Amino acid sequence: MTLERTIGLLFLLFCCLYGYTAYVGMDHLLPPILKRAPVWPSSFPKILSIVGALIAVAVIVSSKPSEVNSAESGIDYRRLQDYKFGQALFLIGSMVAYALLLRPIGFIAATTLFLAGGAFILGERRYSLMIPIALVGTIVVWYLVQEILGIFLSPWPRLF
Amino acid sequence: MIEGISLGLATALSIKNLAMVIAGCLIGTFIGMLPGLGPMSIIAIMIPVAISIGDPSAALIMLAGVYYGAIFGGSTSSILINAPGVASTVATSFDGYPLARSGKAGKALTVAAIASFTGGTIGAILLMAFAPALVSVALLFQSPEYFALMVVGLSAIAAFAGSGQVGKALMMTVLGLMMATIGESALFNAPRFTMGIMDLQSGFGFITLAMALFALPEAIFLILDPNRSKTGDGDGSGKITGLRISGSEAREIAPVVGRQSIQGFLIGVLPGAGATIASFLGYAVERNIASPEDQKQFGKGSIKGLAAPESANNAACTGSFVPLLTLGIPGSGTTAILLGALVALNVQPGPRLMIENPEIFWAVIMSMYLGNVILLILNLPLIPYIAKLLAIPRNYLIPFILFFTLMGAYIGQNNATELLFMTGLGVIATVLRFAGYPLAPLLIGFILGPMMENNFARAANIADGVSFMWERPMTLGLLILAALLVFMPSFRARRQAARKAAAGD
């Protein structure tokens, strides 16, 4: 099965779950007075779940391979084996780590680590260049966001 | 209209707003030149900055400047190093890069800048003519028509998505609408579909979604495919001389620019068509109508071939503002992001925008014109210097792009969980792009979702049911149009297939 169809199928499943919640899980919470109104919180979602499921079925039934327009998406399917999936996974992992560490260790430390770590994952090994660039970049962005834009970014680790 | 223009000029020419246009154009040009970052990502990254400005006119003026700058920057990297930053400047590289290879980089840049400038300017003039007329029609609309109009808009976006893409685009639109129902809605005052997750109580942030759909997949593709971030075939700097073009060359491109500005604008007005189609179509049309000698030059460094897509894509960008400013319905991913920014700034887009906030409406139109002038007089001379920045090594460029994406989502909400949502959604968006699913309809659906549901609820409350769909002629007409838009491409494809089969027999 092509990726396109698999996604269609997953979307169909999602529509079923979404529709189930709208049809079964929402209306009993509604106060009686609101039940007289023609539109309930579940009305629009109910319509969406049916329309979505119909479209998903149409996509699953009608999709043909080779319809993917590589000029539009910019993906070179012939060179897929050269794609650096490992690097991408590590960088996505480091984004997750950044999200989790941002509050506990503070903006400056988390960002410097992320920028230097990102360069390392991509193959940079000149530590004397990598760390100063990461640190300067971090401080410049922190200054711009905090001082110029006036948005608070806690720079240091939270102590308790 | 004269009043409007003078009000717009007065707003746009204030020192603060002028600084916003200049800053927007420069930032846009700079980031637009970097490989892999398109106007949508750049605008999404700039939105928290724009929101922190607070003044809606200034914010929108800056974002429009960023948009133009990004397109211009994309053209520059197409010409200099054959690395189009965005799909809409791919056609620019067909003739722009051969010109640069033959030592005429300066001339190519000037032709591109003049064509863009004229395209943008003619677009802005047409916008001034079109928009008020459309607004006066749109003011007759009530909730049922609005609801139907949004259905038409969303269907048109899917219908113009390209052959074989209609179903997929519709699917993404519905997914966007569904995602918009998550969280607390102003209409019902009760959270929906939150699955008990506290952070979903307020729903997905639109900046988070914009980052996840556009900026992050683009960055992930840069990581996956090192060729994308290679700074092209040339070194891109140091050789840009001879920015002048001769009078005969100017006469040669004048009719091309004129035709393509108008055609590009009209394509841009259509929801879902946009700058990419306008630029390719502009190139194809000009090649077809050129004289046989000129035709041979296309693809080898024809200035006509360069001027056509450049004027068309800029005019189309301006055209795409027509449905946004008059109906409040975005026709493209970029204008959807701008719409989200307007909503975040507490401006209600739609036909009443021109009446209630004329200063915003006209200032945006006038700033488009100013933006074009600034790109011409400020950016063109700076290009040789900005081009040197193309040499930023990939190892540093990518972590910084990822970091800016994270920052964009973080400073909008100040919530670290938002970063996890963004990363997760970004990975899903990348997979969707691999499978050829268009992502702009998802964002447009997400942004239009609450407005659509509001209008639906209001119409149904007044009519005490859904009978408004067939009782009001205009609503019914619009809904039929939407159905035609969705089913026409598949009918046409089936007929073509039948004809082919008949011819084969």
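Residue numbering restarts at 1 for every chain, and letters A, B, ... go by the order of the sequence lines. The structure displayed is predicted, hence computed values, not measured ones.
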For this session: Could you note down all residue pairs passing ring pair (Phe, Tyr, Trp, His ring centres under 6.0 Å) where residues 404-430 of chain B supplies at least one of them, sequence neighbours left out?
Result: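 Pairs touching residues 404-430 of chain B that pass the test: F204(B)-F421(B).
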For this session: If a pair satisfies ring pair (Phe, Tyr, Trp, His ring centres under 6.0 Å) and one of its residues is in residues 30-51 of chain A, list it, with sequence neighbours excluded.
Result: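 Non-adjacent pairs meeting ring pair (Phe, Tyr, Trp, His ring centres under 6.0 Å): F44(A)-F456(B).
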For [X] and [Y], work out which heavy atoms get closest and say how close.
X	Y	value
K84(A)	I223(B)	CB-O, 3.7 Å
Y396(B)	A119(A)	CE2-CB, 4.2 Å
V39(A)	A460(B)	CG2-CB, 3.2 Å
L419(B)	A99(A)	CB-CB, 3.6 Å
P38(A)	D464(B)	CG-OD1, 3.7 Å
R192(B)	P41(A)	NH1-O, 2.6 Å

Problem set entry | Derivation and outcome, side-chain contact (heavy atoms from CB on, under 4.5 Å), residues I398(B) and Q87(A) | CA-CA 11 Å; I398(B) 291 172; Q87(A) 280 188 357; over 6 Å; no
Exercise. For F85(A), does the CZ atom have more than 12 heavy-atom neighbours from other residues, nucleotides or ligands under 6.0 Å away?
Worked result: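 Correct, the count exceeds 12.
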Problem set entry | Over 12 non-hydrogen atoms of neighbours within 6.0 angstrom of CZ in F487(B) |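 No, not enclosed.
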Is [X] in contact with chain B via its backbone, its side chain, both, or neither, using a 4.5 Å heavy-atom distance?
X	answer
V145(A)	side chain
A88(A)	both
L144(A)	neither
F120(A)	neither
A116(A)	neither
L54(A)	neither

Between [atom1] of [X] and [atom2] of [Y], what distance do you get to the nearest 0.5 Å?
X	Y	atom1	atom2	result
L10(A)	L432(B)	CG	CG	9.5 Å
L216(B)	I92(A)	CG	CD1	7.0 Å
L48(A)	T173(B)	CG	OG1	11.0 Å
L91(A)	I401(B)	CG	CD1	11.5 Å
F400(B)	T111(A)	CZ	OG1	9.5 Å

For this session: With a 4.5 Å cut-off on heavy-atom pairs, point out which of P45(A), A56(A), G52(A) contacts chain B the most.
Result: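 Highest number of pairs under 4.5 Å: P45(A).
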Exercise. What part of L439(B) is in contact with chain A, defined as an atom under 4.5 angstrom from a non-hydrogen atom: side chain, backbone, both or neither?
Worked result: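 Neither part; nothing is under 4.5 Å.
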For this session: Counting only heavy atoms closer than 4.5 Å, note whether V431(B) contacts chain A via side chain, backbone, both or neither.
Result: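 For V431(B), the contact with chain A is made by backbone and side chain together.
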Problem set entry | Working for side-chain contact (heavy atoms from CB on, under 4.5 Å), residues V51(A) and L170(B) | CA-CA 10 Å; V51(A) 174; L170(B) 280 175; over 6 Å; no
Would you check if [X] and [Y] make a side-chain contact, meaning some heavy-atom pair closer than 4.5 Å?
X	Y	answer
M195(B)	T21(A)	no
I7(A)	M171(B)	yes
F107(A)	M407(B)	yes
F114(A)	L402(B)	yes
C15(A)	M178(B)	yes

Problem set entry | Step-by-step side-chain contact (heavy atoms from CB on, under 4.5 Å) determination, F11(A) to V174(B) | CA-CA 10 Å; F11(A) 183 67; V174(B) 174; 4.2 Å; yes
Exercise. Which one of L420(B), V466(B), I220(B) has the most heavy-atom pairs closer than 4.5 Å to chain A?
Worked result: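 Between L420(B), V466(B), I220(B), the count favours L420(B).
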Problem set entry | Options L177(B), I53(B), L175(B), V49(B), ranked by heavy-atom pairs under 4.5 Å with chain A, top entry |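 Answer, by heavy-atom pair count under 4.5 Å with chain A: L175(B).
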Problem set entry | side-chain contact (heavy atoms from CB on, under 4.5 Å) evaluation trace for F403(B) with V141(A) | CA-CA 10 Å; F403(B) 166 60; V141(A) 172; 3.7 Å; yes
Exercise. Is Y437(B) reaching over with its side chain to a backbone N or O of E4(A), donor-acceptor style, under 3.5 angstrom?
Worked result: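 Yes, because the side chain of Y437(B) sits within donor-acceptor range (under 3.5 Å) of the backbone of E4(A).
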For this session: Please step through side chain to side chain donor-acceptor pair (under 3.5 Å) for the pair Y18(A) and T181(B), ending with a clear verdict.
Result: CA-CA 11 Å; Y18(A) 182 89; T181(B) 60; 2.6 Å; yes
